[in-house]
Amino acid sequence: MTVLMNSTLPTRRRSLGTLIGIAVIIAASVIGYFLFPNNLALLTRIVATMLLVLSIDLVTGYCGVATLGHAALFGAGAYGAGIVSAHFGITEPLTMTLIGAVAGALAGLVSGLVILRAHGLPQLVLSIAVVHLFHEVANKASSWTGGSDGLSGITTDALLGLFEFDLWGRTAYVYGIVLLLIVFVLLRILVQSPFGMLARGVREDPVRVAAMGASVHSVMLRMYVISGAVAGIGGALNAISTQVVGLDSLSFTLSAEALVMLVLGGTGSLYGAMVGTVSFMWFEDVVSAANPFHWLTIVGALLIVVVLFAPKGLYGSAAAFLSRRRGGGK
Amino acid sequence: MQTVLSIAIDALAYGMVLFVISIGLSVTMGLMRVVNLAHGAFAMIGGYLASYATRDLGLGYAPAILIAVIATAIIAVPIERLLYRRIYGAPELTQVLMTIGITFCVIGIANYAFGPTLKTIALPQTLSGSIDLGFRAIATHRIFAIVCGLVVAGGLWFLIERTAFGIRLRAAVDNAPMAAALGVRTQLVYAISFAVAVGLAAFGGVVGAELLPVEPYYALRYMVTFLVAVSIGGAGSIPGALIACLLLGAIDTTGRYLAPEYGEFFFYLAVIVIVTLFPRGLGGRFKS
């Protein structure tokens, strides 16, 4: 309900919120750049994963579809961008990103058509089956995808003909941040548009939305395609920055981890998705450097704690706490 | 002909092991409406305990099974009281995350306690050989697995259809508040069914260790398979689960024999087709 009330705020305040968001993202990325100048590859990977988590948020947080197969869309974008570069010689990064987005959107259309046929547990199972199916296809079509060795031989031109993708990953990082900002602004507009409101209506009460005369299935399918495009951009960014696409970008594990990140941050909010990704991946980097299995135990415990004590996630709980404080102060 | 027979035997054994493990999941899912992704983790705990009992304590196969089943059920009861009881009736996403969290914890702890290597469970002499049928020799263990599956199916059928506990269980499944109003102690029914379900998982984990080898990632690797089996069978339906497991076992084994290079492609393709055709599962009674 609070989400719905937030969106009835006047337009000026909403665009102010977007501007603050942009400022925060830029500030965080500049701080990241100077704090970890030798670890820009990790930061770029975080940005790419952030796009995946944002795209899950679109269908899970805004439409209420629980999915454990969203890496299929991310991987489709990564392979789309990688294959045109490695096999067709299209090495212009903007074109590659665009192709990644289109590939992701197509994968979103296909998996949306399959997954949205069921509800509840069967839906979850369908989403798992879809990501496994994509994985097996990519593994089998090894002449195109490199199979289990991964797709290598991806080359990229200089960005806009000016900035080479350097060894330090500076260009890739800046490019990733710019992509993230563009996607963020577009998604802010999307979730506050009448269509975004309709999607939230579907999550709250699909029967009522159907009774009002809107097609629930078509809203969710359109959201799935948009979400696919976002995930595809993330995949393309990953392919461009690492110059290799592995089968793990289509894996069930990635899907599950991305969902965990979303819930850790808080569903139904773009900030929650981003906060969750950064905290999860930073924490993972620190702990798994020590011992990967302890990492698994800690993530598990963390998940249980979040579900029990902060079901709205880090960002959601913090926002609720702040608004309570503000409400109490008045 | 030889190939067909080996496929049939392997598929039957695999399907039965799947059934023994996932029937518990099916019952709890039908009863408590919990999407329990940690079910495979309990099967894995059973496998580890049996392996520890046979290899390190030097016990026989039968006591090892007994220890594994009872100890896993004992481990599970506090988990049910402390964690699961809070997510009954919660949205699926919450349940999925909580149970994935439990699975991750179990994997981490199992690896810490037992190491990352494959664990074997020593088979007794009577089960490790093969039976000669005249035209074909069949591994005794396969037959043992099949018999176990049949016994479990029969036992559960008797428990649910013919005993007083079964009546309470079915009443709680159909309408928990009404059953409680009529004097059924639903909390107790939940706890007992959960313990039985987990015990069956552990039993399946031990019996099926030859087919589904015990290692730390067991819980994650087969979790999807168990979930798929329950979803296809329809939560809470014993015949549905049996048919689903035999069908999935047949598809998976045939795929592995005839087209190994496609991996699990046909398995998941079949899953999508079946779930699309029967959204409530083959024997589904419940809206999930």
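On a predicted model such as this, the values are computed, not experimentally measured, just so you know. Naming convention: chains lettered A, B, ... in sequence-line order (proteins, then strands); numbering from 1 in each chain.
- Here the CZ atom belonging to Phe267(B) is positioned 11.0 Å from the CD atom belonging to Glu136(A), to the nearest 0.5 angstrom.
- Looking at Val260(A), both its backbone and its side chain come within 4.5 Å of chain B, counting heavy atoms on both sides.
- Nearest heavy-atom pair, Pro122(A) versus Ser231(B), reported as atom, atom and distance to 0.1 Å: CA-OG, 3.7 Å.
- In Arg222(A), the CZ atom is crowded: over 12 heavy atoms of neighbouring residues, nucleotides or ligands sit closer than 6.0 Å.
- At a 4.5 Å heavy-atom cutoff, the contact between Thr267(A) and chain B is made by side-chain atoms alone.
- Of all the heavy atoms in Gly108(B) and Thr297(A), the pair that sits closest is CA-OG1, 3.2 Å.
- Other residues, nucleotides and ligands place no more than 12 heavy atoms under 6.0 Å from the OH atom of Tyr52(B).
- Residue with the most contacts toward chain A among Val271(B), Thr103(B), Ile272(B): Ile272(B) (heavy-atom pairs, distance under 4.5 Å).
- For chain B, no part of Leu302(A) is nearby; none of its heavy atoms comes within less than 4.5 Å.
- Surrounding CZ of Arg81(B) are at most 12 heavy atoms belonging to other residues, nucleotides or ligands under 6.0 Å away.
- If you take OH on Tyr217(B) and OG1 on Thr253(A), they are separated by 8.5 Å, rounding to the nearest 0.5 Å.
- From Leu126(A), atom CG reaches atom OG1 of Thr276(B) across 5.5 Å, with rounding to the nearest 0.5 Å.
- Contacts of Val305(A) with chain B are absent, with no heavy-atom separation under 4.5 Å from either backbone or side chain.
- Within a 6.0 Å radius of CZ in Phe321(A), no more than 12 heavy atoms belonging to other residues, nucleotides or ligands are found.
- Taken from CG in Leu308(A) to CG in Leu83(B), the straight-line distance is 6.0 Å, to the nearest 0.5 Å.
- Side-chain contact check for Leu227(B) versus Leu121(A): some heavy-atom pair is nearer than 4.5 Å.
- Looking at Thr60(A), the atoms closer than 4.5 Å to chain B (heavy atoms on both sides) all sit in the side chain, from C-beta outward.
- Once rounded to the nearest 0.5 Å, the distance linking NE2 of His132(A) with CG of Leu269(B) reads 14.0 Å.
- For Lys119(B), the NZ atom is densely surrounded, since the number of other residues' heavy atoms within 6.0 Å is greater than 12.
- Of all heavy-atom pairs between Cys105(B) and Gly300(A), the closest is SG-C, 3.6 Å.
- Each of Val228(B), Leu93(B), Val96(B) was checked for a side-chain contact (heavy atoms from CB on, under 4.5 Å) with Leu124(A), and the lone residue meeting it is Val96(B).
- The structure places OG1 of Thr94(B) at 11.5 Å from CG of Leu303(A), a figure rounded to the nearest 0.5 Å.
- Between Phe265(B) and Leu133(A) the shortest side-chain heavy-atom distance falls below 4.5 Å.
- Side-chain contact check for Ile304(A) versus Phe104(B): every heavy-atom pair is 4.5 Å or farther apart.
- In this structure, the side chains of Phe252(A) and Val224(B) come closer than 4.5 Å at one or more pairs of heavy atoms.
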